[in-house]
Amino acid sequence: MSEVRKEILIAKADIDKRVQELADVISRDYEGKELILIGILKGAFVFMADLIRYLRIPCQVDFVRLASYGAGTMSTGNITISKDIETSIQGRDVLVVEDILDTGLTLSSLVERLKKKDPRSLKICVFLDKKDRRKVPFEAEYVGFDIPDRFVVGYGLDFNEMYRFLPDVCVIGES
Ligand code: XMP
Ligand code: MG
């Protein structure tokens, strides 16, 4: 088996600084309010865990898990929920937390679904954004880093369930 080469794209220290900046902006934007964060499993769990510890507003957390279509890296756009949220979001301020925004198909479909539950507000916070890859127009209100069209792992992101534990965001390739 050939060795897998890992190249650091975003280092742990830069991630930490940026997550803190995002949390500051979110805390200011939602001052005096109470937020429900909805994390998309599994990828967002590391980002969300770091983010909430820098927030200075009261918040609750919930998670949604979308059915995955095997080990593929392509999004189909037609999402199926395999674990739904357990909190009522009607009349609440909701922030969806996702690891990476790519084609936009997953998030636009999830947002449509969540809007039907009648939240007071609904915004999106993504750790990474691959803007060049969009297939549907979709923007997140809060973005950690814009990245080029490269497949990345680490900080919660996986390749076939591996590498989620890496503290840096890395690009992998065979050497
Ligand atoms: P959309 O629907 O925006 O889906 O295409 C975004 C989802 O695609 C996955 N994704 C990645 N996962 N490294 C990963 O580990 C990547 O570089 C990457 N790009 C897209 C991810 O599951 C995300 O939720
Ligand atoms: Mg994901």
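Looking only at distances, a side-chain donor or acceptor of Asp168 sits under 3.5 Å from a matching main-chain atom of Lys12. The backbone N or O of Ile124 lies less than 3.5 Å from a partner atom in the side chain of Glu141, making a donor-acceptor pair. When atom types are taken as modelled, the side chain of Arg134 and the backbone of Asp102 share a donor-acceptor pair closer than 3.5 angstrom.
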* To do: Apply salt bridge (charged side-chain N to carboxylate O under 4.0 Å, His left out) to the pair Asp132 and Arg150, showing each step before the final yes or no.
  => CA-CA 11 Å; Asp132 299 341; Arg150 306 280 300 276; over 6 Å; no
* Assess whether side-chain contact (heavy atoms from CB on, under 4.5 Å) is satisfied between Ile38 and Thr87, documenting all intermediate values. => CA-CA 10 Å; Ile38 300 180; Thr87 319; over 6 Å; no
* To do: Could you walk me through whether Leu157 and Leu128 pass side-chain contact (heavy atoms from CB on, under 4.5 Å), step by step?
  => CA-CA 10 Å; Leu157 290 141; Leu128 302 174; 3.6 Å; yes
* **Worked verdict on Ile36 versus Ile85 for side-chain contact (heavy atoms from CB on, under 4.5 Å)** => CA-CA 11 Å; Ile36 299 185; Ile85 50 170; over 6 Å; no
* From CA spacing to verdict: side-chain contact (heavy atoms from CB on, under 4.5 Å), Leu110, Glu98 -> CA-CA 11 Å; Leu110 181 67; Glu98 171 65 313; over 6 Å; no
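The shortest side-chain heavy-atom distance between Tyr142 and Asp29 falls under the 4.5 Å cut-off. Between Glu161 and Asp158 there is a side-chain heavy-atom pair separated by less than 4.5 Å. Using a 4.5 Å cut-off on side-chain heavy atoms (C-beta onward), Arg65 and Lys42 make contact. Leu101 places none of its side-chain heavy atoms less than 4.5 Å from the side chain of Val143. Here the side chains of Leu66 and Ile81 are in contact, with some heavy-atom distance below 4.5 Å.
Ion pair Asp24/Arg56 flagged as a salt bridge, since at least one NZ, NE, NH1 or NH2 atom sits closer than 4.0 Å to an Asp/Glu carboxylate oxygen. A salt bridge is defined here as a Lys NZ or Arg NE, NH1 or NH2 lying under 4.0 Å from an Asp or Glu carboxylate O, and Asp99 with Arg164 fails to meet this definition.
In this structure, the separation between NZ on Lys130 and CD1 on Ile147 is 5.5 Å, given to the nearest 0.5 Å. Between Phe165 atom CZ and Tyr163 atom OH the span is 8.0 Å, to the nearest 0.5 Å. Note that the CG atom of Leu95 and the NZ atom of Lys33 stand 12.0 Å from one another [nearest 0.5 Å]. Distance check: Leu35 CG to Ser121 OG gives 7.5 Å after rounding to the nearest 0.5 Å. Remark: Leu37 CG to Ile26 CD1 distance equals 7.5 Å, nearest 0.5 Å. Note: Ser108 OG to Ile79 CD1 = 8.5 Å, rounded to the nearest 0.5 Å.
A perpendicular orientation is assigned to the rings of Phe127 and Phe145, their planes being inclined by more than 60° (bins at 30° and 60°). Taking the six-membered ring where tryptophan is involved, the planes of Phe159 and Phe151 are perpendicular, since the angle between them exceeds 60° and thus also 30°.
Heavy atoms only, all atoms of each residue included: Ile57 and Glu31 are closest at CG2-CA, 4.2 Å. Closest non-hydrogen pair, Ile15 versus Pro167, comes out as CD1-O, 3.6 Å. Contact between Ile89 and Leu114 at its shortest, heavy atoms only, is CD1-O, 3.8 Å. Minimum heavy-atom separation, Phe138 to Val111: CZ-CG2, 4.0 Å. Nearest approach of Lys131 to Asp146, heavy atoms of both residues: NZ-OD1, 2.6 Å. Scanning both residues, Asp16 and Tyr54, for their nearest heavy atoms gives OD1-OH, 2.8 Å.
The salt bridge (Lys or Arg N to Asp or Glu O under 4.0 Å) test applied to Glu86 returns Lys83, not counting sequence neighbours. The side-chain hydrogen bond (donor to acceptor under 3.5 Å, both in side chains) test applied to Arg120 returns Asp93, not counting sequence neighbours. The salt bridge (Lys or Arg N to Asp or Glu O under 4.0 Å) search around Arg53 returns Asp50, not counting sequence neighbours. Not counting sequence neighbours, the partners of Arg92 by the salt bridge (Lys or Arg N to Asp or Glu O under 4.0 Å) test are Glu34. For Glu112, the side chain to side chain contact (heavy atoms under 4.5 Å, CB included) partners are Lys115, not counting sequence neighbours. Annotation: side-chain hydrogen bond (donor to acceptor under 3.5 Å, both in side chains) contacts of Glu21 (sequence neighbours excluded): Arg18.
Ile8 and Val171 sit in two unconnected hydrophobic clusters of ILVMFWY residues. Membership requires side-chain heavy atoms under 4.5 Å apart, directly or through other members.
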